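Along the sequence shown, residues are numbered consecutively beginning with 1. Given the structure is predicted, the values throughout are model-derived calculations rather than measurements. Worth knowing before you read on, the calculation uses all heavy atoms, side chains too, and leaves out hydrogens, waters and symmetry mates.
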Amino acid sequence: MTQDLQDIHNQASDAMADGDKEKAIELYNEILTIAPTDEIALGQLMDLYFETDKFQYYLMRANYNVVNQKFEHAINDTKKALNLNADSIEARIKLARLYRVANKNLKSIDEFNKIIELAPDTKESYLELIDLYIIEDAKESAVGIAKKAVDEFSDDIGFKNILAKLYYDLASYEEALKFVTDRNLKAKILLQAGKNEEAKAVLDEMKPQIKEEKAAYKLLLAEYFYNKNEYNEALNVVNEYINLIGPSAVSFQMKALCYEGLNDEFMAAVNFGYMKKAQNKNDEAIVEFNHAHSLNKKDKNVLIELANLYMGLGEKYTAMDFWNAVYELDGDSHAKTVLGDFYFSEGDYRMAEKYGKVREGKESPNAENKAYAEADEEDEGFLNKIINFFSKK
């Protein structure tokens, strides 16, 4: 607790001792504006409101239960507060958010709909309601709320772009273009609508300044070249994008599509493999890299990717087959070490020796080596005894 917060606590305690409840309430509420989870302040306010303001008492108790992760209790307390004051927007927003935290999205949606009917000027309620509809895969409903928001806040370009993005997601490009103001989004919509030259005009107007804006611009420019079937130009721009912010699933996907356009099936499969890997879909990545391997058995990078992916899935022997293919390709030292260590750990010393992993001191005349030699001789002698025994029968 900071000194300032401790000072307010001390003042609130003094006010309580003096019987000045109004001052104490004011000070404890001030504490909550600084530290909303302060249990002492919440507990004191519950006591102070219990006799004087049951509505506030239930809200404080709801907050106290939230701090202690008792969301069902908090929901019940907020409902009790609303029974005392059904018109409280503060309580309704609290209840709607509590339903969401408790994974009761449909009930949260109902509450937010009530809120925008009772108080149509609460911007946050529209945003949260749109988000909930998207989570519930009800984008048509999200569009309806976004349209209400655009009507209510006609000067707010944020809501216009939200509505445009929703229309874009629903492939209603003409509708999206009626509302969009963001240049990036407008270019994206135009490209998807097949209006390539209009999109290029928007892109030419853009002057991205920061790295993230430049990266977004590069992707849109790559999409423009892709739509124009200028695949090599698109690849060059994607590589510029990668140089800005590094490789990603979307950059690998774009490269794969460009290679498909160039009829390069091998490179398309490789990049689809990297895309799936970037998405942590390793089973699907293996399918793509195996396809690439079937087209080019000698590509070292593909062999290494398959070796690592199979190892990650626990298929050790399949992984070693690929590491062996890497080793046989050019005597790769890392592959040799991996193979030697693996077979040594498996107790297959003959295979381990093939890859340069020798038992410690094997080449030196010491007791351990003598024991190995004697065991070999004893085994051979025992086998001869058995052969001789059956030969006498």
Side-chain angles (χ1 to χ4, degrees), residues 55 59 62 75 78-79 81-203 205-208 212-213 216-217 219-220 223:
F55 173 76
L59 288 185
I75 287 169
T78 308
K79 285 181 177 179
L82 281 167
N83 286 337
L84 296 169
N85 182 0
D87 295 329
S88 171
I89 300 304
E90 176 194 3
R92 288 210 175 273
I93 290 174
K94 182 184 292 293
L95 182 58
R97 288 174 176 166
L98 282 168
Y99 277 137
R100 182 168 182 173
V101 170
N103 294 316
K104 297 180 178 182
N105 286 350
L106 297 182
K107 287 187 175 182
S108 182
I109 285 170
D110 287 342
E111 285 302 321
F112 276 121
N113 272 308
K114 289 176 188 174
I115 291 163
I116 63 173
E117 286 177 16
L118 292 168
D121 60 341
T122 53
K123 283 187 178 183
E124 287 298 317
S125 296
Y126 290 92
L127 293 169
E128 294 192 53
L129 187 50
I130 290 166
D131 190 44
L132 281 163
Y133 276 129
I134 291 170
I135 290 169
E136 292 299 312
D137 197 23
K139 285 187 178 175
E140 294 285 358
S141 297
V143 164
I145 299 303
K147 287 172 76 173
K148 283 185 179 181
V150 168
D151 291 340
E152 184 68 30
F153 310 101
S154 57
D155 296 330
D156 191 314
I157 63 172
F159 280 119
K160 290 178 182 177
N161 286 317
I162 288 170
L163 180 55
K165 178 63 167 62
L166 288 167
Y167 275 129
Y168 168 80
D169 291 340
L170 292 168
S172 299
Y173 304 126
E174 293 302 324
E175 288 299 315
L177 288 169
K178 292 177 185 177
F179 297 96
V180 67
T181 63
D182 179 81
R183 284 180 177 175
N184 274 342
L185 181 56
K186 187 175 183 179
K188 185 182 279 191
I189 294 166
L190 288 166
L191 287 167
Q192 285 298 307
K195 299 183 178 184
N196 296 317
E197 296 314 315
E198 290 181 50
K200 184 62 164 61
V202 173
L203 290 171
E205 292 172 3
M206 292 168 62
K207 292 181 172 59
E212 289 75 11
E213 289 176 349
Y217 168 80
L219 272 185
L220 290 169
E223 188 175 349

Check: Are there more than 12 heavy atoms of other residues, nucleotides or ligands under 6.0 Å from atom CD1 of I157?
Finding: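 Not more than 12 within 6.0 Å, no.
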Please tell me if the side chains of [X] and [Y] come closer than 4.5 Å, counting only heavy atoms from C-beta onward.
X    : Y    : result
I134 : D169 : no
V180 : K160 : no
E223 : Q192 : yes

If the plane angle is over 60° it's perpendicular, under 30° parallel, otherwise tilted; pick one for F179 and Y167.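 Answer is parallel, since the angle falls under 30°.
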Parallel, tilted or perpendicular: rings of F159 and F153 (30°, 60°)
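If you compare the ring of F153 with that of F159, the planes turn out parallel.
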Of all heavy-atom pairs between [X] and [Y], which one has the smallest distance, and what is that distance?
X    : Y    : result
F55  : S88  : CZ-OG, 3.3 Å
K139 : L170 : CB-CD2, 4.0 Å
A96  : S108 : O-OG, 2.7 Å
L220 : L191 : O-CD1, 3.4 Å
A164 : L185 : CB-CD2, 4.1 Å
R183 : V202 : O-CG1, 3.6 Å

Within this structure, what is the [atom1]-[atom2] distance for the pair [X] and [Y], rounded to the nearest 0.5 Å?
X    : Y    : atom1 : atom2 : answer
S125 : R92  : OG    : CZ    : 11.5 Å
K188 : L219 : NZ    : CG    : 8.5 Å
L127 : F112 : CG    : CZ    : 10.0 Å
N196 : L203 : CG    : CG    : 10.0 Å
I189 : E174 : CD1   : CD    : 10.0 Å
T181 : N161 : OG1   : CG    : 3.5 Å

_Sequence neighbours excluded, every pair satisfying salt bridge (Lys or Arg N to Asp or Glu O under 4.0 Å) that has a member inside residues 116-130_ =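 Sorted result for residues 116-130: R97-E128, K123-D156.
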Does a side-chain N-to-carboxylate-O contact under 4.0 Å join [X] and [Y]?
X    : Y    : result
D151 : K147 : no
K94  : E111 : no
E197 : K200 : no

